[in-house]
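Okay, so here's the structure we're looking at.
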Amino acid sequence: MESSQRDELASFLTVLPPVDFCCVYGSTLHPNNQDKSKMVDYILGVSDPIQWHSQNLKMNSGHYASWMVHLGGARLITEVADKVGVGVHFNPFVSWNDRKLKYGVVRMHDLVQDILDWNRFYLSGRLQKPVHLLVDNLGIEDVNSVNKRAALSAALLLLPSKFTEEDLYAKICSLSYMGDLRMLFAEDTNKVNKIVKGQFDLFQSMYKPFLEDCETKNLLRFSSAETNLVQDSSLSASRSLVSSLPASIRSQMGKLLGEKKTLSETGRVSGEVCIGSREEAVKCMEKVMKRRVMVSSARQAVSGFLAAGAINATVYLSQKMRKAWKSRS
């Protein structure tokens, strides 16, 4: 991203209370995107959402749905995000500097938990795709390495023994849409392919060190053929990939497939998922992840409707549905 574009995106933060983390994502990152009519998407991480929203209401009350401002203010905004949604409050259709913006506000603790453990698999899924960091006071970029490694492991489990690099990134990108209710009626069916084709170089730079690590461990190798990646699909390799998944996913898989307790050299007890075959592991992982995404997407859809207000929510949904039906025609 050019410094002038970065400065333009970062300048929006000057009209908001301070944040500990900020990234932008979506079509803004496409190298050839010059369309300023497209909405710019931000994720903001803050230590105390109630305090942050209290300050922001004084500075930018127009960013919020009027009913939330009048009925409960910062506390209601945060409670709807936490108890109805998945911990993220979005303000869409914010006009600033001749641009339309949408920004989501999340508690830093919740962001880290989702990145490390996929307990909601919401923002963790977003951070498996290219984003551009504007603020990172607490080292989220380093923490996110765990998330990217887990995403690569999940994608490899879902892929055949031979595949292309584009197949790999498409599979990583599709993880957070598995079971997403919006894909049934309100999302572009070609969304994954568009994201990968538009940001292929960014995906490459994101995942290069993790692919090299897998190659070192003989889990995959690069070939000169058209399907330029070949992975080890043996049971031992599959077990290694499952062991790289977040603990909450492995725990759910263990409940379905059985779990073997192991004692490490340090005396720590951990559970190893009992895998009879690669196909069994893949089917189980898919079931666990689809369920998690389905619940999170449904909760966030309701929370987003309440947070945006009826008019904005209707406009936003109609735009999404128009794109979805266009992609199906």
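Everything numeric in this text was worked out from a predicted model, so none of it was measured.
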Review point. With sequence neighbours left out, what residues match S248 under side chain to side chain donor-acceptor pair (under 3.5 Å)?
Key: R292
Review point. So how far is it from K191 NZ to Y177 OH, rounded to the nearest 0.5 Å?
Key: 3.5 Å
Side-chain donor/acceptor pairs under 3.5 Å, residues 300-307, sequence neighbours excluded:
| residue | atom | partner | partner atom | Å |
| --- | --- | --- | --- | --- |
| Q300 | OE1 | V86 | N | 3.3 |
| Q300 | NE2 | V88 | O | 3.3 |

Point to revise | Counterpart residues, side-chain contact (heavy atoms from CB on, under 4.5 Å), relative to S161 (two or more places apart) | key: S233
Exercise for review: May I ask you to test the N228-K162 pair for a side-chain heavy-atom distance under 4.5 Å?
Suggested key: no
Exercise for review: Could I get the full list of side-chain contact (heavy atoms from CB on, under 4.5 Å) partners for A247, not counting sequence neighbours?
Suggested key: D117, R250
Study note, to complete from the structure: Residues pairing under side-chain hydrogen bond (donor to acceptor under 3.5 Å, both in side chains) where one sits in residues 73-87, two or more places apart or in two chains, turn out to be D82-R107
Practice item. Could you pull out all residues at least two apart from Q252 that satisfy side chain to side chain donor-acceptor pair (under 3.5 Å)? Key: none
Review point. In chain order, what residues pass the side-chain contact (heavy atoms from CB on, under 4.5 Å) check against S234, with sequence neighbours excluded?
Key: D232, S236, A237
Point to revise | Residues forming a salt bridge (Lys or Arg N to Asp or Glu O under 4.0 Å) with E259, sequence neighbours excluded | key: K261
Practice item. Return the set of residues passing side-chain contact (heavy atoms from CB on, under 4.5 Å) with V146 (not counting sequence neighbours), or none when no residue passes. Key: L116
Review point. What about F12 and Y103, are their ring centers closer than 6.0 Å?
Key: yes
**Study point:** Evaluation steps, salt bridge (charged side-chain N to carboxylate O under 4.0 Å, His left out), between D114 and R120
**Key:** CA-CA 6 Å; D114 198 34; R120 298 281 176 74; over 6 Å; no
Review point. Partners of E166 by salt bridge (Lys or Arg N to Asp or Glu O under 4.0 Å), sequence neighbours excluded?
Key: K197
Exercise for review: Not counting sequence neighbours, which residues clear salt bridge (Lys or Arg N to Asp or Glu O under 4.0 Å) with K217? List them please.
Suggested key: D213
Check your understanding: Residues in side chain to side chain donor-acceptor pair (under 3.5 Å) with W52, at least two apart?
Key -> none
